[in-house]
There are 2 protein chains.
Amino acid sequence: MKTVYERADIVPLLAEIFRELGYEGATLSRITERTGIGKGSLYHFFPGGKEEMAGAVLADIDAWFEEAVYRPLRHDDARQAIAAMWTNVNDYFRSGRRVCLVGAFALDDTRERFSAAIGDYFIRWIDALRSALMRAGCTEGEAQTLAEEGVCCIQGALVLSRALRDETVFSRSLETLAKRLGAATR
Amino acid sequence: MKTVYERADIVPLLAEIFRELGYEGATLSRITERTGIGKGSLYHFFPGGKEEMAGAVLADIDAWFEEAVYRPLRHDDARQAIAAMWTNVNDYFRSGRRVCLVGAFALDDTRERFSAAIGDYFIRWIDALRSALMRAGCTEGEAQTLAEEGVCCIQGALVLSRALRDETVFSRSLETLAKRLGAATR
DNA sequence: CAATATTTGTACCGATCAGTAAACTGATAA
DNA sequence: TTATCAGTTTACTGATCGGTACAAATATTG
């Protein structure tokens, strides 16, 4: 019996492990242990080792957000895209049970390895949200402040709901946020 | 030449290392390398090893917040204590250049080791802030929401300002937050 | 001063780390 | 059938991991 993978199947598995254990905590042996994928296969797909694995995961996450969140915010109906963001984000982060890997990497030394990817992810999120807010009627300054605040609170809510082991904190924060941004665009 | 430490001198040094490298990233050899304190001394003061070191750091952090933030929020003049919180927190986190170790631990597997300490820290922060808000004139529900939101945004601002390498994000978030809580209490 | 207790430096332990090498498997296709 | 090739398994490397043992150095006390 021998299971055959391709790169695209492995990346989401790696993502979940990095999320749970962090970059330093995700050792090669724990990865093989949790996925059943041997070192040989891992190094076959990611010759650059752990760093390339994490890089691929970050790129995958970025691509998902680009398509599901940023692009709609930039190009679709503004109010609709913002509303979709709340539900997409709540689903994606599993009501706070799942962590934002980009945010987690930003907090420790791992930031130095992936500085560009981490900065980009948040810059583009804030920019996209600001764009939607302006199209929905905010001034540029107001939109910038609210966009920053929105992304900021999402990250904080992930920390807080995990710390308190209370997923209602996350969903509740999103609702409060949705109301505030909604009030500013009508 | 031989330097002699006591436990109380070592804990803040450890704190800075755990902050920068995270729990898994803070290896014994990196600790001795950055502090100049040998393994012999470390295990003399912390027989429980790395886990006891991190525990001592968390207790130290908790004690600082209890005295500088929570107690004033619970017992001193409410408006004054809240105002002091913003400046204390901004200084403590060095305008976002320094990370909240408790929040960082909450994001990965390290949470399992220090679950109680992590939960307590945030519970008590939120409770203390809610107490002050109520004494300043908020209803209980309003105070609870605002307190949660305050702590939540501080954590998010730390993530965001580190990710963007922009400390103005942190200070700006605190100002926005201060205004919102100020408006709710007059 | 001498005796005792505390603190530190060094050498070491087995386990695990990231990474390498190469034999092996199974499918595709000439 | 045979050659090729992507992918897997296994065994291995040297380095580093957290932790221990203990003697040397220093403080403290008598």
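No hydrogens, no waters, no symmetry mates; every other heavy atom, side chains included, goes into these values.
Between the P atom of D:dG18 and the CD atom of B:Glu24 lies a distance of 9 Å, rounded to the nearest Å. Regarding A:Ile37, its CD1 atom lies at a distance of 12 Å from the C1' atom of D:dG7, rounded to whole Å. Atom CD in A:Glu6 sits about 8 Å away from atom P in D:dG7, given to the nearest Å. Between the P atom of D:dG7 and the NZ atom of A:Lys39 lies a distance of 21 Å, rounded to the nearest Å. Whole-Å rounding puts the A:Glu51 CD to C:dG19 P distance at 9 Å. As a whole-Å value, the separation of B:Arg30 CZ from D:dC17 P is 7 Å. Distance, A:Tyr23 OH to C:dA18 C1': 10 Å, rounded to whole Å. Counting to the nearest Å, the C1' atom of D:dT8 and the CG atom of A:Leu42 are 11 Å from each other.
Cation-pi geometry between A:Arg98 and A:Tyr92 is met: the NZ or CZ atom falls under 6.0 Å from the ring centre, inside 45° of the normal.
Dashed line: the shortest gap from a side-chain N or O of A:Ser41 to OP1 or OP2 of D:dG7 is not under 4.0 Å. In this model, the phosphate group of D:dC17 is approached by a side-chain N or O of B:Ser29 to a distance below 4.0 Å at OP1 or OP2. Between C:dT8 and B:His44, no contact under 4.0 Å exists linking OP1 or OP2 to a side-chain N or O.
The aromatic rings of A:Phe114 and A:Phe105 lie parallel to each other, their planes meeting at an angle below 30°, with 60° marking the opposite boundary.
With DNA chain C read from its 5' end, the first of the two nearest nucleotides for B:Ile10 and A:Gly40 is the one closest to B:Ile10.
Applying the 3.5 Å distance criterion, the base of D:dG19 shares no donor-acceptor pair with the side chain of B:Lys50.
Distances from the side chain of A:Tyr5 to the nucleotides C:dC17, D:dT8, D:dG18 place D:dT8 closest.
Under the 4.0 Å criterion applied to side-chain N and carboxylate O atoms, A:Glu52 and A:Arg7 are assigned as salt-bridge partners.
Side-chain atoms of B:Glu148 and B:Gln144 include a donor-acceptor pair closer than 3.5 Å.
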